[in-house]
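Here is the structure we will look at, set down as structure tokens.
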2 protein chains.
Amino acid sequence: MPDQARPGTGEQAKQHALERLRQAILRGDMAPAQRLVENELAEQLGVTRASVRGALFELEAEGLVERIRNRGSRVRVVTVEEAVAITECRMVLEGLCAAKAAESATDDQLAELTGLGEAMAKAVADGEPVTYSELNHQLHTRIRQFSGQRTAVELLEKLNAQLVRHRFRLALRPGRPQQSLGEHLAMVETITARDPQAAEEAARAHLTSVIAALRE
Amino acid sequence: MPDQARPGTGEQAKQHALERLRQAILRGDMAPAQRLVENELAEQLGVTRASVRGALFELEAEGLVERIRNRGSRVRVVTVEEAVAITECRMVLEGLCAAKAAESATDDQLAELTGLGEAMAKAVADGEPVTYSELNHQLHTRIRQFSGQRTAVELLEKLNAQLVRHRFRLALRPGRPQQSLGEHLAMVETITARDPQAAEEAARAHLTSVIAALRE
DNA sequence: GAGAACAATATTGTTGACAATGTAGTCCGT
DNA sequence: ACGGACTACATTGTCAACAATATTGTTCTC
């Protein structure tokens, strides 16, 4: 396995650089608006500049970095206003996914959703916001997957990536898990009841609540 | 202005190649699933292979071409099923835009929408499907712009680009303009009435009709 | 004659060097 | 001392050559 150890040069250099950079940005290792110099990153990651360059283009398409011609790249900072606009898009798209999931998920999948809902309730009861946030993310992901809407899933993943910083902020807000738990359970219930319209309503209600919380 | 004349070499080679290739694909100059060889394109466009390569990566991110590692690029063919999934995403996103436009458009902008509606009615009465299709596209574009939802606009432009071929197919279908005219006018009316909820309803109803038509 | 291994070709992936561009610091004139 | 132009540096954009990989045509064996 010459991959995990030192994939530095030759093989899929660009993919490697892309993954490393994306992780670094998503984990917040890089200060917001920090300048990204291609040469520095190349040396740091042990790949050539061309690979870094390609990765940066890809990240620009994903909305994670900003590029100005002949001026360089920075990690993109998402203002609260933008976060709201993005979440409004999420609202309608997740509504669509919830409705489709209610129609076309298998019984096994519905059981998994119910299980996730119970786990979330337990996490709130035990006062574990980190676990809750994990489960939250997982629930949304599963619902999307069960909808079978590949296009919507792609769009949502891209949108979500841009929101990591704000998501973090929300998760640690005291009282927030208690409020969102009910909304999440409503989503699970309506989907398992195979009621598309109610599921869409529930998803939109939840995201509306997220928007309100984003605005503080 | 050394740009319009012969941008072939040196300056913004990649941007130039990108634009040319995108236009070529959108205009249907390239057969579906046609193989895109980097060298050929480079010579054809008068730029280097690296520029073509960069442009192809960008087009992949936009969903217009498909790339397989070490195997090359093809113009992506969108199956009817995919077109339906994409249009479902359009449905909810345009619903959002219509609602926002109803809230935040200026009176001047509303007047422009009314004008477009009248022009569309005239085009149908005169039996000019091409003009109608143009106006159709323009109406949707304007509504998006007036919504002020930059994120949604970007997503929609990307989605629409993938549908050009199917859009064409629909526009030339006899009887289709007559059916969609009413739906479009309903959108204009509800938006100018500044009724967000009704506007969203109208937009979704229209796109639902488009989905039905796509399925033949 | 059919199938499989092999070699030749075509195409993409990668690299290092070079050119273009923007930025900042400095020098000169007033 | 202050403003403007000019030079030097840093950084990105572009290019042409090289290496890796998949495909196709050929030959050899059964």
Side-chain angles (χ1 to χ4, degrees), chain A residues 1-3 5-22 24-25 30-31 33-76, chain B residues 1-22 24-25 30-76:
Chain A
M1 49 180 81
D3 191 57
R6 275 260 28 193
T9 172
E11 47 234 85
Q12 299 136 318
K14 180 178 149 189
Q15 291 304 319
H16 174 66
L18 178 61
E19 204 49 46
R20 287 279 303 268
L21 279 176
R22 189 181 312 169
I25 294 176
M30 303 188 152
Q34 175 173 347
R35 209 156 154 225
L36 302 176
V37 178
E38 297 178 357
N39 257 328
E40 289 178 15
L41 294 177
E43 191 166 357
Q44 211 168 309
L45 297 177
V47 300
T48 61
R49 191 165 77 91
S51 302
V52 172
R53 193 178 169 71
L56 285 176
F57 274 106
E58 199 111 5
L59 289 173
E60 181 193 22
E62 290 180 31
L64 290 179
V65 310
E66 212 175 9
R67 291 179 59 81
I68 317 174
R69 188 181 167 82
N70 287 322
R71 295 261 247 126
S73 321
R74 315 169 99 75
V75 329
R76 175 154 168 255
Chain B
M1 50 179 78
D3 191 56
Q4 196 73 323
R6 275 256 35 189
T9 172
E11 45 233 84
Q12 300 140 312
K14 181 178 149 188
Q15 291 304 319
H16 175 65
L18 177 62
E19 204 49 46
R20 287 280 304 268
L21 278 176
R22 187 182 316 171
I25 294 176
M30 302 186 152
Q34 173 174 349
R35 226 176 136 205
L36 302 176
V37 178
E38 297 179 357
N39 256 327
E40 290 179 13
L41 295 176
E43 191 166 357
Q44 211 168 308
L45 298 177
V47 298
T48 61
R49 191 164 76 89
S51 302
V52 172
R53 192 177 172 71
L56 286 175
F57 273 105
E58 200 109 5
L59 290 172
E60 181 194 22
E62 290 180 32
L64 290 178
V65 311
E66 211 175 13
R67 290 179 59 80
I68 318 172
R69 191 183 164 81
N70 286 324
R71 293 265 244 120
S73 321
R74 314 171 101 76
V75 328
R76 176 156 166 253

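First the proteins, then the strands, lettered A, B, ... as listed; each starts at 1. What you are looking at is a predicted structure, and each value in this text was computed from that prediction instead of being measured.
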Per [X] side chain, nearest of listed nucleotides [options]:
X	options	answer
A/Arg49	C/dT15, D/dT14, C/dT14	D/dT14
B/Asn39	C/dT12, C/dT14, D/dT14	C/dT12
B/Arg71	D/dT14, C/dT14, D/dA22	D/dA22
B/Arg67	D/dT12, C/dT12, D/dA16	C/dT12
A/Asn70	C/dG13, D/dT14, C/dG22	C/dG22
A/Val37	D/dT11, C/dT15, D/dC15	D/dT11
B/Ser51	D/dC15, C/dG22, D/dA22	D/dC15
B/Glu38	D/dT12, D/dC15, C/dG13	C/dG13

What integer distance in Å separates [X]:[atom1] from [N]:[atom2]?
X	N	atom1	atom2	result
A/Arg69	D/dT14	CZ	C1'	10 Å
B/Lys14	C/dA20	NZ	C1'	16 Å
B/Ile68	C/dG13	CD1	P	11 Å
A/Leu45	C/dT14	CG	P	15 Å
B/Glu43	D/dA16	CD	P	13 Å
A/Arg35	D/dT11	CZ	P	6 Å
B/Arg74	C/dT12	CZ	C1'	14 Å
B/Arg53	C/dT15	CZ	P	11 Å

Find out whether [X] and [Y] are in side-chain contact, i.e. whether some heavy atom of one side chain is under 4.5 Å from a heavy atom of the other.
X	Y	answer
B/Arg20	B/Val47	no
B/Leu45	B/His16	no
B/Met30	B/Leu36	yes

_Base, sugar-phosphate or nothing for A/Leu36? Non-hydrogen atoms, less than 4.0 Å._
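If one applies the 4.0 Å heavy-atom cut-off, A/Leu36 turns out to touch the sugar-phosphate alone, with no base involved.
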*asked:* Can you tell me if A/Gln34 has over 12 outside heavy atoms packed within less than 6.0 Å of its CD?
replied: yes
_Polar side-chain atom of A/Arg49 near backbone of A/Glu38 as donor-acceptor pair, under 3.5 Å_ =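 Such a contact is absent between A/Arg49 side chain and A/Glu38 backbone.
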*Is the shortest side-chain N/O distance from A/Thr48 to OP1 or OP2 of C/dT15 below 4.0 Å?*
yes
